[in-house]
Structure formats: C-alpha cells, structure tokens
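What you are looking at is a predicted structure, and each value in this text was computed from that prediction instead of being measured.
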Amino acid sequence: MASGVKPSCVICAWRQTCKKQFGMADPSHCPEFSRDVSIKDYPGKKGIKVIIQGAPGSGKTTLVERLITKLQDMKLGGFLTREIREHGERKGFKIITLDKREGVLAHEKIPGHQKVGKYAVNMEDLENIGVKAVEHALAHDDIVVMDEIGKMELMSVHFRDVAVAALEGEKPLVATVPAEGPAFVEEIKARADVHLLTITEANRDELLEEAVRHVRGDIP
C-alpha cells in the first residue's frame, strides 16, 4: 500500500479493524463508519457516474468495450454481458469480467424460478462472478464497469447492494441500463450526480468521445 494512504472501504472509509466490508448498502448507519480516513486520489474525475442507456441491440456493450480500450492507461474492473447464441439463435447471456473470468448469467435451458421472459437467471454465477468483480474493482481498480444494471441482475439482493456501493462510492463508474427499466433503474437515471447518455445508431462515435471526456474529467 502506498505511503500515507490508509485502508479504505469500497464505499468510503472504515476503521482498520472493521469486519463489515462489502456487507452494508448504507454504511452511514454503522457505528464503525468513519469519514476521517484518507481516501486515495484516483485517476479521472473522482466519483463521476456515466450511465449509458439504450434499447436492446443498440450497441451499449460495444460502446463500453471501445471505452475500455480508450482508457487503457487506467485500471478498470467489473464485468460485461454478452449474448449466448446457438445456430444463430439467442439462448441466453453470459457474464465476463474484465480480468477474463466467465459464467452464465441466464439461459433458457437451465433450471430456476427467477426468470426474465424465457431466461432463467443463474444466481450463482451472477453473484460469484459479477458481484465479486464489482467488489474487487471498488477496492482495487481506478474505474468500475457494470454492463449492465437490468432486470436479470437486479434479481440478486447482493447485486443491488454492490450497485448502490458503486453509485455512492468515490470511484468513477461506467454502467449501462435499459432504456425502459424497473424502478431501481429509473432512480439511477434520476440521480443528480449521474451523466446519462442515450446511445443510438447515429451517435455511437460521438457518444464514445463524450464518455471518455466525462471519465477523464474533461467535462465539468
């Protein structure tokens, strides 16, 4: 650990002896919570939240992948989602961390009672791969990536908690959300500290450069 930088929580700062790291959505109610601990200065604009919304197939994930390439001088952590296709047909979705761990987010052929349409959500991979990737990014990386915050992911209480931690945290966040989402997503879009960008086929290149400028702090 760098000299002069004390241990910090994924959300703000905790006493060194705290055992509750990653376990509370609202640490301000914790008696061990402390705001008098130094927090590392991260590259980019501290705490900026860039939220990209768009319809299915609009290119949200592709935009985030291009953004990651543009920010290679920074440490990014988190996850991406991609379609699982068989014989040209979509059968489900996989979750891939930025350090190349992979799991099944949802699939039409796996058992499960928690479904979005015909797809059953794989809670085990969502939490053990997706949630843990965000927790690690909050603790160790410069920028947090969450692609996406949607109906499937929000079926997990642990995912909701880590999404709140990312939104309330000091580190820059890049996330995607559906154009029309559940109440949790609409609350994210309405936050005063969020820069909401809407992707369309016509504005993809322009939006990429705008997102880069936001994250790097070139836009007030």
**Study point:** Any Leu71 side-chain heavy atom under 4.5 Å of Val215 side chain
**Key:** yes
Exercise for review: Answer yes or no: does atom CD of Glu86 have more than 12 heavy-atom neighbours from other residues, nucleotides or ligands under 6.0 Å?
Suggested key: yes
Practice item. Could you tell me whether Lys91 atom NZ has more than 12 heavy atoms of other residues or ligands within 6.0 Å of it? Key: yes
Point to revise | Heavy-atom closest pair, residues Arg90 and Arg85 | key: N-NH1, 3.5 Å
Check your understanding: Given side chains that start at C-beta, do those of Val104 and Ile84 come closer than 4.5 Å, heavy atoms only?
Key -> yes
Review point. Does Thr62 have any side-chain contact (heavy atoms from CB on, under 4.5 Å) partners at least two apart in sequence or in another chain, and if so, which?
Key: Glu65, Arg66
Exercise for review: Work out which heavy atom in Gly78 is nearest to a heavy atom in Ala133; give both atom names and the distance.
Suggested key: O-CB, 3.6 Å
Review point. Where is the tightest heavy-atom contact between Ile52 and Lys60, given as atom of each residue plus distance?
Key: O-CD, 3.8 Å
Practice item. Identify the heavy atoms of Ala106 and Tyr119 that sit nearest to each other, and give their distance. Key: CB-CB, 4.0 Å
Review point. Considering residues, nucleotides and ligands other than Glu206, do more than 12 of their heavy atoms fall under 6.0 Å from its CD?
Key: no
Review point. Taking the side chain as C-beta and beyond, is there a heavy-atom pair between Lys171 and Ile143 under 4.5 Å?
Key: no
Review point. Do Arg101 and Ile96 have side chains that get closer than 4.5 Å, going by heavy atoms?
Key: no
Practice item. Determine the minimum heavy-atom distance between Ala166 and Met146, stating which atoms define it. Key: CB-SD, 4.0 Å
Check your understanding: Any Lys/Arg nitrogen of Glu168 or Arg191 sitting under 4.0 Å from an Asp/Glu carboxylate oxygen of the other?
Key -> yes
Check your understanding: Looking at Lys70 and Glu209, does any basic side-chain N land under 4.0 Å from a carboxylate oxygen?
Key -> yes
Practice item. Using a strict 4.0 Å threshold on nitrogen-to-oxygen distance, state whether Arg216 and Asp73 make a salt bridge. Key: yes
Point to revise | Contact check, side chains of Ile149 and Glu153, non-hydrogen atoms, under 4.5 Å | key: no
Practice item. Considering only NZ, NE, NH1 and NH2 on the basic side and carboxylate oxygens on the acidic side, decide whether Lys132 and Glu135 come within less than 4.0 Å. Key: no
Review point. CG/Leu98 to CD1/Ile68 distance, rounded to the nearest 0.5 angstrom?
Key: 4.0 Å
Check your understanding: When you look at Val177 and Phe184, which way does the side-chain contact (heavy atoms from CB on, under 4.5 Å) test go after all the steps?
Key -> CA-CA 10 Å; Val177 296; Phe184 187 93; over 6 Å; no
Exercise for review: With the side chain counted from C-beta on, respond yes when Leu105 and Asn122 share a heavy-atom pair under 4.5 Å apart, and no when they do not.
Suggested key: no
Review point. For Ser156 and Glu127, does a side-chain donor sit closer than 3.5 Å to a side-chain acceptor?
Key: yes
Check your understanding: Got a salt bridge between Glu187 and Lys189, using NZ or NE/NH1/NH2 to carboxylate O under 4.0 Å?
Key -> no
**Study point:** Contact check, side chains of Thr81 and Lys94, non-hydrogen atoms, under 4.5 Å
**Key:** no
**Study point:** Neighbour count above 12 (heavy atom, 6.0 Å) for Glu102 CD
**Key:** yes
Review point. Are Phe79 and Val144 side-chain neighbours, meaning at least one heavy-atom pair lies under 4.5 Å?
Key: no
Review point. side-chain contact (heavy atoms from CB on, under 4.5 Å) between Leu173 and Leu167: does it pass, once the steps are laid out?
Key: CA-CA 7 Å; Leu173 169 67; Leu167 287 160; 3.8 Å; yes
Point to revise | Minimum heavy-atom distance Leu154-Pro182, with the two atoms named | key: CD1-CG, 3.9 Å
